[in-house]
K.L.:
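This is the structure, below, for whatever I ask next.
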Amino acid sequence: MIRQRRSTVILACILLISSVWSLFIGVLDIAPGALLNGDLETVEIFLISRLPRLLATLCTGIGMSVAGLIMQQLCMNKFVSPTTGATISSAQFGILMAMLFLPGSTLWGRALFAFAFAIAGTWVFVWFIQRIQFKDAVMVPLVGIMFGNVVTGITNYFAYKYEMSQALSTWLVGHFSMVLRGRYELVYLVVPLVTLAFVFANHFNIVGMGKDFSKNLGVHYNFVLFMGLSIAAMITASVVVVVGSISYIGLIGPNLAAMFKGDKIRGTLVDTALFGSIFVLACDMIARVVIAPYELPIELIIGIVGSIVFIAMLLYRLNHGRKAIRLGAAGNSGRHAAATAAVKGGDEK
């Protein structure tokens with residue numbers, strides 16, 4: 001048990017240290033002594049800016065990585081994510097529709113539009129891939145990328161037509177510079193949604209093995225598929241409304257976790273969430289210091305670092321196939337373990 005949880009403990013310690021470190025990085029210096037002594041200006045900066053930014057960063061990393069894990073499991077493809085599944089593009093389209101038809105809407109009103117369009121766009125993507133006879137590993141994400149580009153093109157058309165391009169640009173590039181107290185709390189929706197994903201993790205595992213397999217174990221395939229994709233879409237939409245578009249997290253986080261822990265979603269969900277939050281937090285700190293006192297959009301840093309990590313991961317997969325990296329004797333291989341757990345769950349019923 002200790003060996004199986006070794007990676008989780010290591011990631012949790014790294015996250016704790018990085019979180020404390022990030023609170024003291026920024027344009028305005030915050031001295032730990034002044035904070036402990038109750039200096040009014042220091043405490044205000046800490047509570048209004050630094051702490052909300054840290055919480056938003058952690059929720060973003062956890063949410064996007066878990067959303068990617070759910071989509072990859074349900075679509076049975078390791079290259080599917082909110083980015084390659086048109087979920088982010090659909091959420092941006094929903095935000096634009098909210099600004100066009102309800103110009104006086106609050107952040108929560110725009111979020112409702114983003115939720116609806118993200119869910120609809122994700123389901124259209126799934127509808128497309130379900131009608132592909134030969135689901136090549138690369139074909140599925142390519143369909144998602146093409147569909148996402150179509151949605152983005154429609155979004156840009158309406159934005160130019162109604163002169164909303166500048167207003168929409170806030171949600172096209174992810175950044176945390178505008179995260180302040182009172183403007184980020186919507187991202188807290190990630191917490192109950194991720195908890196719900198953990199509760200139904202075994203069901204997602206079973207559905208990820210196919211429709212016939214699910215029916216044999218008495219699992220309602222369409223309902224679980226709809227619920228899982230809706231959870232992933234709502235997580236993505238809540239992040240896009242607050243932070244903007246952030247790619248790669250939902251793609252590389254689940255894949256790296258699977259390389260160490262296998263493909264069983266319940267066994268990798270916690271590690272995936274921890275790695276995603278560490279990755280986003282590290283990129284955010286780099287964005288704050290690389291050209292200080294100015295700040296780069298985090299999407300730029302994640303794009304550079306994420307592409308390097310993803311290429312390295314692909315090279316490992318080419319050389320070692322689906323063989324997992326083990327930190328000690330940590331159980332069986334991914335698919336076999338998942339299938340065994342699913343069968344045991346069916347026998348208990």
Side-chain angles (χ1 to χ4, degrees), residues 1-9 11-12 62-82 85 87 119 122-123 126 129-130 135 189-236 250-251 253-277 322 324 326 329-349:
M1 180 62 71
I2 296 176
R3 287 181 177 180
Q4 290 178 347
R5 297 296 179 186
R6 184 183 301 172
S7 61
T8 305
V9 174
L11 289 173
I62 292 171
M64 294 299 289
S65 56
V66 170
L69 177 63
I70 295 172
M71 294 182 70
Q72 289 174 15
Q73 187 71 27
L74 295 178
C75 296
M76 295 177 283
N77 190 293
K78 285 296 183 182
F79 295 105
V80 174
S81 70
T87 309
I119 293 172
T122 305
W123 259 100
V126 173
I129 64 173
Q130 284 181 339
K135 294 183 177 65
L189 284 175
V190 166
V191 177
L193 291 171
V194 169
T195 304
L196 193 62
F198 186 81
V199 171
F200 288 95
N202 285 337
H203 291 76
F204 297 155
N205 240 11
I206 295 170
V207 169
M209 295 178 190
K211 194 169 187 177
D212 294 335
F213 192 90
S214 303
K215 287 184 177 180
N216 289 337
L217 293 181
V219 175
H220 197 295
Y221 178 83
N222 290 327
F223 174 75
V224 175
L225 183 65
F226 175 80
M227 181 180 64
L229 292 175
S230 298
I231 289 173
M234 291 181 67
I235 289 174
T236 303
L251 186 62
N255 278 283
L256 283 177
M259 289 169 66
F260 286 91
K261 301 296 287 286
D263 291 329
K264 186 181 177 184
I265 189 171
R266 185 180 286 276
T268 60
L269 193 145
V270 175
D271 283 32
T272 299
L274 288 172
F275 175 81
S277 56
R322 296 184 63 83
R326 295 298 180 191
N332 299 324
S333 59
R335 284 290 176 185
H336 177 70
T340 303
V343 172
K344 286 183 178 179
D347 291 340
E348 290 173 359
K349 292 182 180 180

K.L.:
ring-ring contact (aromatic ring centres under 6.0 Å, His included) with Y221: which residues, sequence neighbours excluded?
P.N.:
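In terms of ring-ring contact (aromatic ring centres under 6.0 Å, His included), with neighbours along the sequence ignored, Y221 is linked to no residue.
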
K.L.:
What pair of heavy atoms forms the shortest contact from P82 to M64, and how long is it?
P.N.:
CB-CE, 4.0 Å

K.L.:
Can you see which heavy atom on I129 is nearest to which on C75, and at what distance?
P.N.:
CD1-SG, 4.0 Å

K.L.:
I'd like to check the side-chain hydrogen bond (donor to acceptor under 3.5 Å, both in side chains) partners of S65; sequence neighbours left out, ordered by chain and number.
P.N.:
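With neighbours one apart ignored, the set is empty.
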
K.L.:
Who passes side-chain hydrogen bond (donor to acceptor under 3.5 Å, both in side chains) against T87, sequence neighbours left out?
P.N.:
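Once residues adjacent in sequence are excluded, the partners of T87 under the side-chain hydrogen bond (donor to acceptor under 3.5 Å, both in side chains) criterion are T122.
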
K.L.:
Might you point out which heavy atoms bring L269 and L69 nearest each other, and give the distance in Å?
P.N.:
CA-CD2, 3.7 Å

K.L.:
How far apart are the closest heavy atoms of H220 and F223, and which atoms are they?
P.N.:
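Between these two residues, the closest heavy atoms are ND1-N, 3.1 Å.
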
K.L.:
Using 0.5 Å steps for rounding, measure from the CD1 atom of I119 to the OG1 atom of T236.
P.N.:
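Rounded to the nearest 0.5 Å, the CD1-OG1 separation comes out at 10.5 Å.
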
K.L.:
Run the side-chain contact (heavy atoms from CB on, under 4.5 Å) test against L11 and tell me which residues pass, sequence neighbours left out.
P.N.:
D271, L274, I278

K.L.:
Against I70, only a single residue in L229, I231, T272 fulfils side chain to side chain contact (heavy atoms under 4.5 Å, CB included); can you say which?
P.N.:
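For I70, the side chain to side chain contact (heavy atoms under 4.5 Å, CB included) check succeeds only for I231.
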
K.L.:
Is it true that, when you exclude D212 itself, more than 12 heavy atoms of the residues, nucleotides or ligands shown sit nearer than 6.0 Å to its CG?
P.N.:
no

K.L.:
Quick check: closest heavy atoms across G85 and M71, and the distance to 0.1 Å?
P.N.:
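Result for this residue pair: CA-CE, 4.1 Å.
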
K.L.:
Is the ring pair F204/F200 parallel, tilted or perpendicular, if the boundaries are 30 and 60 degrees?
P.N.:
tilted

K.L.:
For a 4.5 angstrom cut-off between non-hydrogen side-chain atoms, does S214 reach V224?
P.N.:
no

K.L.:
Do the non-hydrogen side-chain atoms of Q72 and N77 ever get within less than 4.5 Å of each other?
P.N.:
no

K.L.:
For residues I235 and A67, report the shortest heavy-atom separation together with the two atoms involved.
P.N.:
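In this case the closest contact between I235 and A67 is CG2-CB, 4.2 Å.
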
K.L.:
Is there side-chain contact between W123 and L225, with at least one heavy-atom pair below 4.5 Å?
P.N.:
yes

